[in-house]
Amino acid sequence: MATADTAHYDFAAIESKWQQKWLTENTFKVSEDQDREKYYLLEMFPYPSGRIHMGHVRNYTIGDVVARFKRMQGYNVLHPMGWDAFGLPAENAAIKNATHPAKWTYENIDYMRGQLRQMGLSYDWDRELATCNDDYYRWEQLFFIELYEKGLIYPKITVVNWCETCQTVLAREQVIDGCCWRCDQGVEPREMNGWFFKITDYAEELLAECDNLQGWPEKVLTMQRNWIGKSIGAQVDFAIEGRHDTLTIFTTRPDTIHGATFMSIAPEHPLVAALTKGTAQEDAVADFVKRTTIAKQRQKAGEELDKEGVFTGAYAINPYTGDKLPIYTANFVLMEYGTGAVMAVPAHDQRDFEFAQKYDIPIKVVIQPEGEALDPAGMEEAYEGPGKLVNSADFSGMLSEEAKKSITAKADKEGFGQQQVTYRLRDWGVSRQRYWGSPIPMIHCQKCGVQPVPKDDLPVTLPKDVSIDSSGKSPLHSLESYYKTCCPKCGGQARRETDTMDTFVESSWYFARYTCPDYTDGPLKKEAVDYWLPVDQYIGGVEHAILHLLYSRFFTKILRDLGYLTINEPFTNLLTQGMVIKDGFKMSKSKGNVVDPAELIGQYGADTVRLFSLFAAPPEKDLEWNDQGVDGAYRFLNRVYRFIISNQDLLKNNPSLPTELSKAGQALHRKTHQTIAKVSQDIDGKFHFNTAISAIMELNNTLSSMTSGDQKQVPEKGVITEAVDAILQLLAPMVPHFTEELWQLLGHKEELTMTPWPSFDKDAAKEDEITLVVQVNGKVRSRLQVEAGIAEETIKKMALADDRVQKFIEGRDIRKVIIVKNKLISIVV
RNA sequence: GCGAGAGUGGCGGAAUUGGUAGACGCACUGGAUUUAGGAUCCAGCGCCUUUGGUGUGGGGGUUCGACUCCCCCCUCUCGCACCA
């Protein structure tokens, strides 16, 4: 510890001292305790990329403040940490550095664990887990098999983006202008067999339960709802002229069906080839399909292709009108949504309108908006709103909403259609042709087909003795010792599935495994999950608003249905923290605006870095990084430090509060309790750490100005002690090392971590003197110092007699006087 | 295009059952102290034509009183994006 006249506190010594103590004493270890109320606080676990960045610092600081705050409030707080350790970057790093993904990953974990400890985060390190360990992923292999048995996992052949050079499948975002992001070679569509989770079975529940997630930001819920994308409409079969098969379409506007003048189907639709085979159109259509496929692949995100299509030569019959409608294949129809085919109503759908104009197809109005008469000849765009039906046989005269029901009912009754609910949500494809992931526990037998690995044989361990070459190809596909196996059913020779699981599978249930990370009798220990789950507060970046959070919600529901959990939703409250920005951009290596937390911690200490990241912005907003702001945080801590050091003797005997207080004593006592109230409210549930810190700064400013040399009246020792204790207690969750050290220095026996959060005295916080604002015609003209609760008549007299007020009311009629109790008096002249 | 959110000093941000706009901090300016300081302390700090006026993206409205409520418009950020 430094001496009194030193300007800076010795953060390095203090921080390592307390970190050592927390580590060796296992201070934050918790277990189930039925007598205490639990609080499960979780931050999204990191990918072990190498070193922590500012985003981590911010995320984990926010979480740690809440954890420490709740602990001081008396909760049994579960606050774990682990590693989302599988994934592609490890393979890329392995190629680049000629190492092994496992080595790279475990080294990163070791390094980053040290960095997190340097931040003074209050984790129960006994619960640390890494998803690349087989004692973790073995359980998701078990889930996989159980879900397969329940029919919630199935294999499907899909078209994927395949890079022949790299021998791998590419995700949509890895295809850049139709080429591989890594080798820049052309990407081709390829049919591949993959495993799918039937998340669509849960679409309705996932959607409905959004309404119950009151602790989630509305923004995230909206994104989830849109992603699930429920629409209610009708499915209708159109007969195809001269053929026995039918064309089934989905529409949300059955009310417009009498206005259909053509049909459009997706280029990939199986009927396209069937309808044109051997006809004059065959070549033209095939050419169009090929061109469109390429164009779609090259299509950049956000880009819309010009509407284009080609006539197939076939006609569909509108079951309502008997009209013969030409069937086009069009580039804007999506195979993956609805049935991949739509009826086209140019008068009431903008896309169809544009298409009809281009190809000179008739436009038929069947909806008339109120007070307007649409004329097909004069229309410049489709009318998509509601209205009254016209040209619609028996349905003419109905309003859109009624017509939707009646028209669908007719289809249902006559057997050519029915009401249909459609979701945008697709089943979750989890197969990855990657090495560094959890093996999919399936076996392919020529004779018996697909067989799950027997549960007793789990885990299917990812072989470590492989080398990763620069091709990017997973070594598992050619590793004979791995894929060569026996069929569990017939015992014959069989091939093991060589794909691994999407890493999102691991992160979909880790929060549950934290409750019993060492449990070996199963994935989840009932007593542990029942006590700890759900997570009370989850904190992480908004970039996970859709996928990770949706998959976790889905996993919670399937684990419930498998009997492992009893909860419906994993995260009661969600806080999505903003990004860390510098010079207007998100910190990134490519922008060159990265600030390394390690350097800052070395320069200022963890407490300062924590304090600044809390103070600079409220957590849900982006944080603009400012090096000078860090200085400010550091200066504040030093001011507190110097005050305590220089008043050590006064504070050390821990004087108690006198019964009679001087005026100065009363004022400081009041400010202390007002600050306790403000900080408690700001942290609890609101997470307004920035305003909490500014309130503590105010208290500190009051304290130092009241006790500086030239004051006539200084507060009593007991009041000063109370204020100093409050400052340390209120700061404790944010700057834990700093406050512990000073707390100990002041002679407190119990660690601050274990000390209850201070309570505030309502009476003490009450103001007895108030500044009353006097307004004339809505403008502030004067201020009055009055006692609280003074009579309104007295106030009125005082205000009217005030010199500054007199100037503005002299010689005018007073029309009205409005008094807002303890706030202001407004005179209208 | 659709959906959500946001526009307040030089900067980060405070303040909304309508009631002192700019808390707290950064930067800046002046002073003190110091061998020196990027340390510390004191004072000042929205703008203007400063006994006053004006000001929370712009315009209008309600009100004694509007950052806050209502209407119109502009800008920015994020998400989705040919979803039939």
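Note that this is a predicted model, so its numbers are computed, not measured. A note on names: the letters A, B, ... follow the listed sequences, proteins ahead of strands, and every chain is numbered from 1.
- Between rU8(B) and rG53(B), the distance separating the two P atoms is 26 Å to the nearest Å.
- Remark: the separation of the C1' atoms in rA4(B) and rG18(B) is 26 Å, to the nearest Å.
- Nearest to the side chain of Val828(A), among rG13(B), rC64(B), rA84(B), sits rC64(B).
- The shortest non-hydrogen separation linking Asp255(A) to Leu389(A) is O-CD2, 3.4 Å.
- Taking 90° from 0 as the syn/anti boundary, the base of rG9(B) is oriented syn.
- If Thr339(A) and Thr222(A) are placed on RNA chain B by their nearest nucleotide, the residue sitting closer to the 5' end is Thr222(A).
- When rounded to the nearest whole Å, the span between CG of Leu425(A) and P of rC80(B) equals 14 Å.
- Phosphate contact (OP1/OP2 of rC83(B), side-chain N/O of Arg351(A), threshold under 4.0 Å): present.
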Go through it in stages, so that I can follow the logic: the residues are Met343(A) and Ile257(A), the test is side chain to side chain contact (heavy atoms under 4.5 Å, CB included), and I'd like the CA-CA distance, side-chain angles, deciding distance and then a yes or no.
CA-CA 8 Å; Met343(A) 65 172 192; Ile257(A) 201 161; 3.3 Å; yes

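- The side chain of Arg424(A) contributes an N or O atom lying less than 4.0 Å from OP1 or OP2 of rA81(B).
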Whether each nucleotide of nucleotides 16-28 of chain B has a protein heavy atom under 4.0 Å at its base (B), only at its sugar-phosphate (S) or at neither (-) is summarised, 5' to 3', as ---BBS-BBSSS-

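- Remark: the separation of the P atoms in rA43(B) and rG60(B) is 42 Å, to the nearest Å.
- Picking from rA84(B), rG79(B), rG12(B) the nucleotide with the shortest atom distance to the side chain of Ile546(A) gives rG79(B).
- Residue Ser231(A) is in sugar-phosphate contact alone, with no base atom involved, counting any heavy-atom pair closer than 4.0 Å across all strands shown.
- Counting any heavy atom pair closer than 4.0 Å across all strands shown, Arg781(A) reaches sugar-phosphate atoms only and no base atom.
- Aromatic pair Phe615(A)/Phe689(A): centroids not less than 6.0 angstrom apart.
- Distances shown here put every side-chain N or O of Tyr423(A) at or beyond 4.0 Å from the OP1 or OP2 atom of rC83(B).
- Classification of Lys678(A) and Glu698(A) as a salt-bridged pair fails, no side-chain N sitting under 4.0 Å from a carboxylate O.
- Between the P atom of rG5(B) and the CE atom of Met223(A) lies a distance of 13 Å, rounded to the nearest Å.
- Val333(A) comes within contact range of at least one nucleobase, with a heavy-atom separation under 4.0 Å.
- Helical stems of RNA chain B (runs of at least 3 Watson-Crick or G-U pairs, donor-acceptor distances under 3.5 Å) are listed by first residue: B:1-7 with B:74-80, B:10-12 with B:24-26, B:28-32 with B:40-44, B:46-48 with B:52-54, B:57-61 with B:69-73.
- Separating the C1' atom of rU56(B) from that of rU51(B) is a span of 27 Å, rounded to the nearest Å.
- Aromatic ring centres of Phe262(A) and Phe355(A): separated by under 6.0 Å.
- Separation of the C1' atoms belonging to rC69(B) and rG3(B) is 24 Å when rounded to the nearest angstrom.
- Of all nucleotides listed (rC82(B), rA14(B), rA84(B)), rC82(B) comes nearest to the side chain of Leu305(A).
- Between rG59(B) and rC74(B), the distance separating the two C1' atoms is 10 Å to the nearest Å.
- In this structure, the ring of Phe416(A) has its center less than 6.0 angstrom from the ring center of Tyr320(A).
- Residue Arg642(A) places at least one side-chain N or O under 4.0 Å from the OP1 or OP2 atom of rC41(B).
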Mind running side chain to side chain donor-acceptor pair (under 3.5 Å) on Asp607(A) and Tyr634(A) for me, showing each step along the way?
CA-CA 8 Å; Asp607(A) 283 329; Tyr634(A) 186 52; over 6 Å; no

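- Ring centers of Trp625(A) and Phe612(A): under 6.0 Å apart, within the cut-off.
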Side chain to side chain contact (heavy atoms under 4.5 Å, CB included) between Ser264(A) and Thr329(A), intermediate numbers included
CA-CA 5 Å; Ser264(A) 15; Thr329(A) 174; over 6 Å; no

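- The interatomic distance linking Leu703(A) (CG) with rC41(B) (P) rounds to 14 Å, in whole Å.
- Residue-level contact check: Asp622(A) touches the backbone only, with heavy atoms under 4.0 Å from sugar-phosphate atoms and none from bases.
- Comparing rA15(B) with rU20(B), their P atoms are spaced 13 Å from each other, to the whole Å.
- The phosphate of rG5(B) (OP1 or OP2) has no side-chain N or O of Lys219(A) nearer than 4.0 angstrom.
- One interatomic measurement links the two molecules: CD1 of Ile581(A) to C1' of rC76(B), which rounds to 13 Å at whole-angstrom precision.
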Go through the steps for Thr672(A) and Ile676(A) under the test side chain to side chain contact (heavy atoms under 4.5 Å, CB included), then give the verdict.
CA-CA 6 Å; Thr672(A) 300; Ile676(A) 294 170; 4.2 Å; yes

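- Atom P of rU68(B) sits at a distance of 14 Å from the matching atom of rG61(B), rounded to the whole Å.
- Using a 4.0 Å heavy-atom distance criterion, Lys307(A) is classed as a base contact.
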Step by step, work out the salt bridge (Lys or Arg N to Asp or Glu O under 4.0 Å) result for Arg225(A) and Asp211(A).
CA-CA 10 Å; Arg225(A) 288 190 185 105; Asp211(A) 296 343; 3.0 Å; yes

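- Atom CZ of Phe355(A) and atom P of rA84(B) are 19 Å apart (whole Å).
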